[in-house]
Amino acid sequence: LCINPAYFSPGEWRLFQTYLKAHAHYVPSGHTAEELIAVLESSIVWGYNTINRITCPSGLVSNWWTVPDKGWPWHGELKCKNSGTESGAYYSDAARLPWR
């Protein structure tokens, strides 16, 4: 599985938590704002842990990361490529990460 680490940057997820707290009445029946906020919090922690573990020694993150079929995502490799950029490269896909 080839992933873009920028999609795991949790900036927006914090905004969703704030929105859920302010507008819990919009949450569909069968769910609660508190449950969804807890899921988002877990996703935030997972996202930061994954980004931290796949960051290169330079502090940059590659455009693309290959997640292994089993085990932890950070045991993956820099071997996949997508959107016309090579694996291990820092281009526009990776440049979004600090802004998120």
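Since this is a predicted model, take the numbers as computed values, not measurements.
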### Summary
Members sharing Y19's hydrophobic cluster, built from side-chain contacts under 4.5 Å between Ile, Leu, Val, Met, Phe, Trp and Tyr, are Y26
### Summary
Residues at least two apart in sequence or cross-chain that pass side chain to side chain donor-acceptor pair (under 3.5 Å) with Y90, listed by chain then number, are none
### Message
Counting neighbours of OH on Y91 that are heavy atoms of other residues, nucleotides or ligands and sit closer than 6.0 Å, is the number greater than 12?
### Response
no
### Message
Please give me the minimum heavy-atom distance between N4 and W64, naming the atom from each residue.
### Response
CB-CZ3, 3.3 Å
### Over all atoms of both residues, closest heavy-atom pair of N63 and P5
O-CD, 3.3 Å
Output a table of donor-acceptor pairs, distance under 3.5 Å, between side-chain atoms of residues 28-40 and any protein atom two or more places apart or on a different chain; print 'none' if there are none.
from : atom 1 : to  : atom 2 : distance (Å)
T32  : OG1    : E35 : N      : 3.0
E35  : OE1    : T32 : N      : 3.0

### Query
By side chain to side chain contact (heavy atoms under 4.5 Å, CB included), which residues pair with T55, not counting sequence neighbours?
I51, V61
### Task
Drop me the distance from H25's NE2 to L20's CG, to the nearest 0.5 angstrom.
11.0 Å
